[in-house]
**Q** 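Below: one structure in structure tokens.
Computed from heavy atoms alone, side chains included, the values below leave out hydrogens, waters and symmetry copies. Labels below follow one simple rule: chain letters A, B, ... track the order of the sequence lines, proteins then strands, and each chain is numbered from 1.
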Amino acid sequence: MTTSETESPEVRTPSNFLRDLIAEDVRTKKYGDAQIQTRFPPEPNGYLHIGHAKAICLDFGLADEFVGKTNLRFDDTNPEKEEQEYVDSIQKDVRWLGFEWERLCYASDYFVQLYEWALQLIKAGKAYVDDLTAEEIRQYRGTLTEPGKDSPYRNRSVEENLDLFVRMKNGEFPDGSCVLRAKIDMASPNLNMRDPVMYRILHATHHRTGDEWCIYPMYDYAHGQSDSIENITHSMCTLEFADHQPLYRWYIEQLGIFPSQQIEFDRLNLTYTLLSKRKLLQLVQEGHVRGWDDPRMPTLSGIRRRGFTPEAIRAFVASVGVTRTNGIVDIEMLEHFQRDDLNRRARRVLAVLRPLKLVIDNYPEGQEEFVEVANNPEDPSAGTRQVPFSRELYIEQDDFREVPPPKYFRLSPGKEVRLRNAYFVTAQRVVKDERGNLVEVHCTYDPASRGGNSPDGRKVKSTMHWVSAAHAISAEIRLYEKLFTKTDPGDFEEGESFLVNLNPNSLEILTEARLEPSLANAQPGEHFQFERVGYFCPDPDSKPGELVFNRTLPLKDTWAKIEKKAGA
RNA sequence: UGGGCGAUCGACUAAUGGUAGGUCAAGUGCCUUUGGAGCACUCAGUCCAGGUUCGAAUCCUGGUCGCCCAGCCA
């Protein structure tokens with residue numbers, strides 16, 4: 001059993017440069033016998049979105065693969081934007097995605113250590129207090145093509161810097177009056193090295209440290225050292241931080257602490273999707289959506305409410321891979337993995353979104369029976385259930401045409417179709433109201449076709465879903481379309497904003513839907529396929545007797561394509 | 001026009017000097033008690049120009065194009 005012929009043809013996801021790099025570090029024992037340690041470092045200033053899911057899968061997934069550990073660390077160095085609400089939602093979302101952290105950390109846990117290291121750098125002549133205003137600092141920084149010039153305060157004595165910095169920390173100075181800067185090189189072609197600010201004065205209340213501090217470290221001064229404190233071996237971040245890497249290393253080298261290494265990868269972008277925390281915040285604050293967890297939002301809480309699953313998201317992330325090129329993934333790719341997942345697990349039910357009464361003239365009045373229906377044809381172990389059938393039913397308005405267009409296989413006068421798992425019916429006549437609107441279709445059924453097959457072997461072109469009018473329950477159905485009309489929501493004319501690309505039809509609410517009675521006890525967190533329609537899930541807005549369903553995704557619709565092609 | 005990073009089917013991504021392959025999308029057919037799913041097939045790519053080599057997506061040289069950086073945000 002050792003020949004290559006008997007090896008199982010296991011499916012393996014192709015490698016990527018991150019995995020290769022870590023594997024190489026493990027092989028060469030770059031960190032000795034220490035285990036691989038990563039971290040996921042969100043700033044608690046907003047909700048996590050699908051883009052973060054990629055980072056989470058990489059940070060946790062790769063560590064896991066190499067038998068390492070991952071910390072969840074809140075990068076909470078800016079009290080003005082951060083809130084406990086975000087801290088809570090982030091933890092919930094990471095767990096929902098299926099990951100558990102080794103340690104829960106906060107950059108604010110390291111404020112004392114960071115402060116002491118700042119004193120150390122001042123004593124070493126590597127940092128100074130600068131009294132320049134923010135505007136002056138900008139001017140002194142130079143431009144992309146011109147070098148900056150030294151601040152007049154750059155050569156203060158160590159004693160003076162120490163005194164000033166301690167007084168900064170003690171709250172003797174107002175916001176913005178001065179900053180602590182690293183003394184590096186004002187002529188560096190990398191702007192990040194032109195004496196970057198290490199600390200600024202912010203008399204703000206921090207969500208964890210309260211009013212204990214009035215000076216707060218900048219990202220660059222906090223991140224690498226936080227990594228180092230936690231013995232992070234591989235600190236993965238997105239491409240835009242590549243220019244920060246020299247500074248990341250500079251602090252670690254000057255301080256002589258554990259040499260964590262930063263590695264950058266490409267951020268996830270999706271068509272028709274906005275993944276900017278600032279703009280998502282704007283959508284929420286200005287009421288363009290119903291909240292961070294609006295099912296149209298790309299936030300993890302939004303797509304969770306929409307009915308997306310962690311399994312599908314993880315499969316999607318694995319499939320798009322990781323490189324250093326900036327691209328934009330087709331949203332269809334995400335939707336494919338979600339349909340694939342739900343197709344395997346979602347229980348099938350019959351539900352009519354836009355009802356049209358169908359009366360079976362030759363079915364005995366007052367009679368009812370139950371037909372057996374498979375809960376999931378993809379999974380026989382899901383079993384079957386009994387669904388009530390009677391003389392008056394509802395079918396989908398779209399499933400009947402008085403004048404059928406070419407290739408239309410559904411019900412029309414004189415045509416015979418199958419009611420799923422029930423009987424063959426043939427449309428006979430229609431009933432209209434005084435304004436000429438269709439209100440009922442009358443048909444006849446073939447009693448011999450019970451279960452959905454005719455003993456004479458007769459074939460029908462179409463199978464349709466239905467619900468028994470007398471037994472059906474009603475529900476509100478929320479249909480979602482893309483939130484934006486453009487592939488790139490950030491594409492707009494001068495003087496406009498991304499809001500012009502908002503899709504006015506992104507939410508449609510249906511109130512007439514009729515569902516099979518087994519759905520009466522559906523709970524949020526469950527997933528269903530409404531046969532022939534799409535995947536749906538109960539919304540938390542549901543109340544007893546007042547069900548609300550979200551459409552996660554519609555089923556692929558070949559007929560819609562045919563119709564579109566014919567119309568075009 | 002300083003610095004950094006990058007460029008493979010329409011999209012994402014493999015091939016690490018040796019047959020340019022996979023997934024999504026698109027299209028065709030088969031099958032079907034979901035016009036779903038599934039199955040089969042098709043379309044379609046190495047940014048450009050030179051060079052090295054028996055052989056280049058890969059190495060070298062020179063271009064072109066794209067993204068990022070001038071917060072006391074992260």
**Q** Could you pull out all residues at least two apart from E65(A) that satisfy salt bridge (charged side-chain N to carboxylate O under 4.0 Å, His left out)?
**A** R19(A)
**Q** We want to know whether H223(A) and R39(A) form a side-chain donor-acceptor pair, criterion being a heavy-atom distance below 3.5 angstrom.
**A** yes
**Q** For W213(A), give me all partners under ring-ring contact (aromatic ring centres under 6.0 Å, His included), at least two apart in sequence or on another chain.
**A** F111(A), Y115(A)
**Q** Counting side-chain heavy atoms from C-beta on, which of G36(B), A74(B), A70(B) comes nearest to Y219(A)?
**A** A74(B)
**Q** Compute the centroid of each ring, for F528(A) and then for F536(A), and state whether the two points are separated by less than 6.0 Å.
**A** no
**Q** Among G71(B), G36(B), C12(B), find the nucleotide with the atom closest to the side chain of M218(A).
**A** G71(B)
**Q** Hey, is the side chain of R410(A) pairing donor to acceptor with the base of G35(B) inside 3.5 Å?
**A** yes
**Q** Name all stems that contain residues of RNA chain B, defined as runs of 3 or more consecutive Watson-Crick or G-U wobble pairs, both distances under 3.5 Å.
**A** B:2-7 with B:64-69, B:10-13 with B:21-24, B:26-30 with B:38-42, B:47-51 with B:59-63
**Q** When you get a sec, tell me which of C67(B), G10(B), C72(B) is the closest nucleotide to the side chain of D330(A)?
**A** G10(B)
**Q** Using a cut-off of strictly less than 4.0 Å between a heavy atom of the residue and any atom of RNA chain B, enumerate the qualifying residues of residues 337-353 of chain A by number.
**A** N343(A), R348(A)
**Q** Tell me which residues in residues 267-278 of chain A lie within less than 4.0 Å of RNA chain B, going by non-hydrogen atoms.
**A** none
**Q** Mapping D243(A) and A560(A) onto RNA chain B by nearest heavy atom, which one lands closer to the 5' end?
**A** D243(A)
**Q** From A74(B), G35(B), A14(B), pick the nucleotide closest to the side chain of T323(A)?
**A** A14(B)
**Q** Output the single nucleotide from A74(B), C24(B), G35(B) whose closest atom is nearest the side chain of W559(A).
**A** G35(B)
**Q** Which residues pass the salt bridge (charged side-chain N to carboxylate O under 4.0 Å, His left out) test with D330(A), not counting sequence neighbours?
**A** none
